[in-house]
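Each remark here refers to the structure printed beneath this line.
Reminder, nothing fancy here: chain letters follow the sequence lines and each chain counts from 1.
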Amino acid sequence: MSMIEIRNVRKGFGALNVLDDISFTVEKGETVCLIGASGSGKSTLLRCINLLEEVDGGTIRVLDQDLSELTDVNAYRRRVGMVFQQFNLFENRNVLENCTVAQRKVLKRDRKEAEEIALIQLEKVGMAGFRNAYPSTLSGGQKQRVAIARALCMDPEILLFDEPTSALDPEMVGEVLNVIRELSNEDMTMVIVTHEMNFARDVADRIVFMDRGIILEEGSPKQIFDHPKNERTAQFLSRVLDRDI
Amino acid sequence: MSFQKCLEILVCYLPSFLLGIRTTLLVAFSGTLFGLLIGLIVGGIRAIRPDRTASRGKRRMKKILDILLRIYIEVFRGTPMMVQAVFIYYLVYSNIVRWDKMTAAIFVISINTGAYMAEIVRSGIQAIDKGQNEAARSLGMSSFQTMESVILPQAIRNAFPAIGNELIVNIKDSSVLMIISITELMFQSNSIAGTTYRFTETYFVTAMIYLFLTGTSSIVLGWIERKMNHTRTSIPQSDTTFSSISLASKGGEDS
Ligand SMILES: Nc1ncnc2c1ncn2[C@@H]1O[C@H](COP(=O)(O)OP(=O)(O)O)[C@@H](O)[C@H]1O
Ligand SMILES: [Mg+2]
């Protein structure tokens with residue numbers, strides 16, 4: 001069973017066509033990295049999977065449900081976690097509460113259980129020691145690790161990452177990528193939008209290259225990075241890989 | 001004007017002044033509290049953007065609701081509270097129920113304050129970055145749960161100075177409710193002045209009492225605000241946030 005099945009999806013904002021006939025699938029346990037120049041529609045695609053945006057055409061099936069036929073959007077959303085570029089922690093709540101509030105409201109777990117689960121996940125991302133800290137006192141890397149723990153607390157079956165390290169200072173990128181790498185090793189199903197090409201090559205089972213609203217090329221990291229078939233893919237890669245060094 | 005005389009009037013008519021103070025404070029406090037409640041509901045509804053996945057019917061209902069709430073806000077901010085007081089008092093009194101003046105006064109000041117609070121709350125909510133809203137929704141929280149446990153607490157906190165300002169405004173502006181003869185401070189002062197014929201001295205005492213009430217409230221509110229910021233030094237208050245909030249409050253419009 002495919003975890004995510006996207007068929008002929010179209011999406012526009014006014015006259016602007018952002019997604020133009022996109023199709024791809026993600027299998028259980030797979031880590032797919034979505035790469036492409038900024039503005040090519042990667043975020044929009046992730047947001048459509050999470051129903052933060054609605055598609056104009058085509059179908060998205062996730063966890064064996066057609067998203068256009070969902071009756072309970074909230075129940076669906078909690079099964080698909082999302083990690084944002086800007087972390088989006090709840091500023092009025094400390095680290096522990098950030099991880100418990102949705103567990104209690106959505107999953108109806110009692111405080112004790114929610115806190116136990118939160119601490120397990122915080123431990124996993126190395127942030128349990130900061131349980132009482134407020135977001136404003138944390139570094140970007142710490143915030144992002146808490147955001148990942150917060151998503152994990154909902155027992156998601158799929159995790160979506162939208163440029164999780166793009167807002168970070170360079171020295172903090174590694175700590176966040178390590179957490180994601182570990183999740184990948186545990187066979188969490190993940191779709192990751194990233195500009196970290198070395199990370200993508202290392203962690204991805206499959207790379208999907210998007211360009212101006214279409215998928216130009218997809219394949220194994222080796223295939224994409226070492227033998228790109230499409231000229232635009234090659235151009236893009238040489239540009240970003242140059243910048244990496 | 002003699003200060004000697006002022007003091008005499010204050011001492012001599014202390015029970016009358018005290019009754020006035022009591023009524024003024026009662027009306028101002030309950031008006032601010034109920035007003036805040038109205039503001040939270042109205043401002044909260046106004047700030048909700050229907051989900052992209054919401055049905056067409058829901059969206060249309062929200063549009064109609066928005067228009068009605070907008071009318072409420074414009075009407076109550078655009079007419080004097082004194083006029084609202086007499087109009088609503090007599091409207092209800094002669095057509096619906098012979099209600100008591102104190103109830104009428106608290107009712108009027110509450111819905112009047114509610115109109116201002118709604119705008120304070122709305123701009124407070126809109127100043128909260130929408131990323132937090134999306135994060136909450138992506139965890140499966142409903143728009144109501146998100147509003148109640150993530151957005152509103154921050155909006156209230158950020159808007160606290162503007163909310164507190166409404167209390168000060170209400171202490172002063174409740175004086176216009178004398179028009180429906182409740183025993184608040186201004187009404188009491190008028191009776192005292194009418195008895196003593198010492199208009200200047202009486203109203204000087206009245207002014208001093210108002211100044212004392214607003215000054216004390218100001219100090220207490222400032223203390224609460226500092227206390228709040230002390231326990232959680234977490235919420236950065238940007239200048240733009242602050243000015244948009246104070247613009248929505250009565251004080252901001254007066255100046
Ligand atoms: N809410 C929106 N309204 C209008 N245009 C948008 C909106 N979101 C994204 N876009 C536009 O869609 C295009 C693709 O954006 P996005 O999906 O964010 O690309 P990427 O994540 O690959 O950088 C961009 O041109 C962007 O300006
Ligand atoms: Mg993006």
Side-chain angles (χ1 to χ4, degrees), chain A residues 11 46-55 67-68 70-94 97-108 132-138 146-147 150-156 159-160 162 167, chain B residues 40 44 47-59 62 121 124-160 163 225 227-238 241-242:
Chain A
K11 167 79 185 168
L46 279 199
R47 292 167 61 83
C48 286
I49 298 174
N50 202 301
L51 283 174
L52 289 171
E53 304 283 355
E54 213 178 5
V55 299
L67 297 197
S68 64
L70 281 182
T71 47
D72 188 345
V73 174
N74 295 325
Y76 164 74
R77 281 209 184 105
R78 86 102 191 119
R79 301 174 66 191
V80 181
M82 179 122 175
V83 174
F84 301 84
Q85 183 175 345
Q86 298 298 338
F87 331 123
N88 297 341
L89 292 184
F90 307 139
E91 298 285 336
N92 60 326
R93 291 169 181 271
N94 68 22
E97 290 164 342
N98 260 277
C99 295
T100 54
V101 57
Q103 290 190 63
R104 300 186 59 192
K105 301 262 171 196
V106 180
L107 301 175
K108 310 291 178 206
N132 294 319
Y134 279 88
S136 61
T137 63
L138 301 179
V146 172
R150 176 177 68 177
L152 289 173
C153 284
M154 305 304 286
D155 307 327
L159 273 183
L160 309 172
D162 191 358
Chain B
L40 286 176
I48 286 178
R49 302 252 153 279
D51 227 313
R52 282 191 174 68
T53 47
S55 68
R56 188 167 286 209
K58 262 191 187 163
R59 280 180 217 215
K62 172 74 167 76
V121 170
I125 290 171
Q126 285 171 349
I128 307 290
D129 173 44
K130 79 178 198 328
Q132 289 187 52
N133 183 54
E134 291 192 341
R137 302 308 304 278
S138 79
L139 294 167
M141 288 166 72
S142 68
S143 54
F144 179 79
Q145 289 170 334
T146 304
M147 191 56 92
E148 166 222 32
S149 55
V150 176
I151 308 294
L152 266 188
Q154 293 180 67
I156 292 173
R157 222 175 108 87
N158 290 352
F160 186 79
I163 291 169
E225 201 184 320
K227 189 110 184 158
M228 265 185 354
N229 289 337
H230 196 68
T231 45
R232 287 182 194 174
T233 51
S234 57
I235 294 173
Q237 179 122 39
S238 73
T241 310
F242 185 75

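- Rounding to the nearest 0.5 Å gives a distance of 9.0 Å between CZ of Arg93(A) and CD of Gln154(B).
- Heavy-atom pairs under 4.5 Å with chain A peak, among Ala135(B), Gly140(B), Ser142(B), at Gly140(B).
- Neither the backbone nor the side chain of Val83(A) comes within less than 4.5 Å of any heavy atom in chain B.
- Comparing Gln86(A), Gln103(A), Met82(A), Arg150(A) by how many heavy-atom pairs each has under 4.5 Å with chain B, the most go to Arg150(A).
- The two atoms that bring Arg78(A) and Leu139(B) nearest to each other are CB-O, 3.3 Å, heavy atoms only.
- None of Ile151(B), Thr146(B), Val150(B) except one satisfies the side chain to side chain contact (heavy atoms under 4.5 Å, CB included) rule with Phe90(A); the exception is Val150(B).
- Looking at Leu67(A), there are no atoms closer than 4.5 Å to chain B (heavy atoms on both sides), in backbone or side chain.
- Residues Val101(A) and Met141(B) form a side-chain contact, since some pair of their non-hydrogen atoms from C-beta on lies under 4.5 Å apart.
- Across Asn92(A) and Pro153(B), no two heavy atoms sit closer than the pair ND2-CB, 3.5 Å.
- Residues Val73(A) and Arg137(B) form no side-chain contact, since every pair of their non-hydrogen atoms from C-beta on lies 4.5 Å or further apart.
- Scanning for side chain to side chain donor-acceptor pair (under 3.5 Å) contacts around Lys130(B) gives an empty result, with sequence neighbours left out.
- Considering only heavy-atom pairs separated by less than 4.5 Å from chain B, the leading option among Asn94(A), Val80(A), Leu89(A), Leu160(A) is Leu89(A).
- Using a 4.5 Å cut-off between heavy atoms, Gln132(B) contacts chain A through both its backbone and its side chain.
- Listed by chain and residue number, Ser43(A) satisfy the side chain to side chain donor-acceptor pair (under 3.5 Å) test with Asp162(A) (two or more places apart in sequence, or in another chain).
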